[in-house]
Amino acid sequence: MTPILDVSGLQKHFSVTKGFPRSVTTIVKAVDGVDFTVAPGEAFGLVGESGCGKSTVARAVLRLIEPDAGTVLFDGTDVRAASSSALIRLRERMQIVFQDPYSSLNPRRTIGRTLVEPLGVHGIARGREAEAIARGLLEEVGLPPTSMTRYPHEFSGGQRQRIGIARALTLKPALIVADEPVSALDVSVQAQVLLLLKDLQKRRGLAFVFVSHDLSVIRWFCTRVAVMYLGRIVEQGPVAQVFSAPRHPYTRMLRDASPIPNPSRRGVLPRVIGEIPSAAAPPPGCHFHPRCARATELCRSVYPTFRDGVACHHPHMD
Amino acid sequence: MKAILRNPTTSIGALFCILIFVGAILAPWISPYDPLDQNIIDRLQPPSAEYWLGTDIYGRDVLSRILWGARISLVVSVAAITVAVVIGGAIGMVSAYIGGRFDLFVMQVMDVLLSFPSLILGLIVVALLGPDLINLIVAIALTAIAPFARIARAPVLSLKERAFVEAGRALGFSHARVLFVHIMPNILSEVLVMASLWMATAVRTEASLSFIGLGVKPPTATWGGMMRDGFEAILDAPWLSVFPGIAILMLVLGLNMVGDGLRDATDPKLSGS
């Protein structure tokens, strides 16, 4: 099956210039060569610690920030090469759901206006017809039609996130990039929103790029997952395989660090060595070697090539 | 609105403003005399039942001239501030939205404008273009553009980082739509508060320019011009400059009081206290 999203060699470097009179420019390689594909209707997870570049990937895919290099193919169309009018057409088919439900809605607009506006801009529907579509979307995400005339501050975080999801659905997209969609919510509300997203995925055949730092959320929602470390993917594969038998030492560390619900199965606390280094000055060789128990001389000098779903010189084999 | 008027200072300010606005609008009907009509026999009359606020050196009725002068003051300040809000606001918003070096450059230009005291800048413009109503409006507008650019820029800098702006872009909205339809309503209250405060400054600048003879030409009645005429006879006929002075004071004070009230009412940090 042809993938709906095909990302290869994606790069985004930010440069920061500081100091006067002799300024120093540091280049932060937020995303440094990322490849992955997403099949239609598939939920693809992107997981990693804070600052590993996963949100940057999400935005670069949609060209909300301009990537520096690489190709992004959406359904065969080159997103990076798209003209501004072609990009507008593309945006009807790929949408984003944000992490912070408080800043993602315009405080001065009613929910109705927020949902009706994209329909008008894209010439899909106007007036009563558009309002009917908006009411339908609200129902689909589990909110009463009376929400139309209300303002964002009248809703809770979970309700706002539902509104954000409804807004993403206005243009009937085929792909939704969800950037930590439940991280800002209470655990009980997280479950409801995740169920809603899963339900929408099934009903509408939506493909997802699901960005999260929460392994359990990814494990439940996604079929395939990529683990990112310092701007690069270090391991990729089906969720069951990656999390039950992680091959990269970093993935193993992440898995062992995530809490286990059953207390009797809880072992000793895993050892987590060090912190994520700055992307402005990544260590030479394999970026993970300063925190890795299996590191050898080779790891300190040569970055491992990505082979068989993992980028490691000494992957776990069990 | 009710909350705004509950503050006594604000209501007094609003009362002053309304009084002068109504007086200016109704001037042709409520003025007891023609403001330009000279009556040499009754010149330099002190306030009396016949001439409530006295007459000037040509025997013109001071009350009528104040009422008609209010029209000039209000037309000039409202027009100038409207121009400044639209142009300055647009400059500030676009500059903040584009950001980077462009923003830096635009704001440096605004700083240069801001470094002139408004009276001096107004003086230069009127001296160059000649004193008439339109030039006066242009001059005063020019002095207020930079402050409005600044006040509009600051909130846009933070708003443009909010996710709803990114969401708008992701939905395929143009930059113009995002900036003027989505961001602008969020800064409107701050800009309007500033506008009411700057109205007062515009009234003062207009009066100052008229006082030094660079306002609307005589014999048209202006408050600044009246004060100047009266200034020459201040010991013999103090009412000539005192009453226009009180009119200016009432309007400036009233606008400031209303502006402060609006600011308090729109500031979320002060609401509820």
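Side chains included, hydrogens not; waters and symmetry mates left out as well; all remaining heavy atoms used. Computed from a prediction, not measured in an experiment: that's the story for all the values here. Order of the sequence lines fixes the chain letters, A, B, ..., with proteins taken first and strands second; residue numbering starts at 1 for each chain.
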> If you count heavy atoms of other groups shown closer than 6.0 angstrom to CZ of Phe116(B), is the number above 12?
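Incorrect, the count does not exceed 12.
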> Please state whether the side chain, the backbone, both or neither of Val181(B) comes within less than 4.5 Å of a heavy atom of chain A.
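The answer is both parts of Val181(B).
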> Taking atom CD as the centre, does Glu154(A) end up with more than 12 heavy-atom neighbours from other residues, nucleotides or ligands that are less than 6.0 angstrom away?
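Check passes, neighbour count above 12.
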> Using non-hydrogen atoms and a 4.5 Å limit, figure out which bit of Leu62(A) sits close to chain B: side chain, backbone, both or neither.
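No part of Leu62(A) comes within 4.5 Å of chain B.
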> Could you report the tightest heavy-atom contact between Ser104(A) and Ala163(B), atom names first, then the distance?
CA-CB, 3.6 Å
> Please rank Glu92(A), Met94(A), Arg59(A) by heavy-atom pairs under 4.5 Å with chain B and give me the top one.
Arg59(A)
> Between Arg108(A) and Ser189(B), does a side chain to side chain contact (heavy atoms under 4.5 Å, CB included) hold up when you go through it step by step?
CA-CA 12 Å; Arg108(A) 304 256 168 181; Ser189(B) 63; 4.3 Å; yes
> Let me know if Thr114(A) has heavy atoms under 4.5 Å from chain B in its side chain, its backbone, both or neither.
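Neither part.
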> Say you draw a straight line from CZ of Arg169(B) to CG of Leu87(A); how long is it, rounded to the nearest 0.5 Å?
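With rounding to 0.5 Å, CZ (Arg169(B)) is 8.0 Å from CG (Leu87(A)).
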> So what's closer than 4.5 Å to chain B heavy atoms on Arg63(A): side chain, backbone, both or neither?
neither
> Side chain to side chain contact (heavy atoms under 4.5 Å, CB included) with Leu171(B): which of Arg91(A), Gln95(A), Glu117(A)?
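Only one option passes, and that is Gln95(A).
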> Does Phe164(B) offer a backbone N or O that forms a donor-acceptor pair with the side chain of Asn106(A) under 3.5 Å?
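Here the side-chain-to-backbone pair does not exist.
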> Please check if atom NZ in Lys29(A) has more than 12 non-hydrogen atoms from other residues, nucleotides or ligands closer than 6.0 Å.
no
> So does Phe105(B) have more than 12 non-hydrogen atoms from other groups sitting under 6.0 Å from CZ?
no
> Return the option, out of Gly172(B), Ala170(B), Ser174(B), with the maximum number of heavy-atom pairs under 4.5 Å with chain A.
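Looking at each option in turn, the highest pair count goes to Ala170(B).
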> Given the options Asn186(B), Val165(B), Ile183(B), which has more heavy-atom pairs under 4.5 Å with chain A than any of the others?
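Going by pairs under 4.5 Å, I would pick Asn186(B).
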> Does some side-chain heavy atom of Arg162(B) sit less than 4.5 Å from a side-chain heavy atom of Pro107(A)?
yes
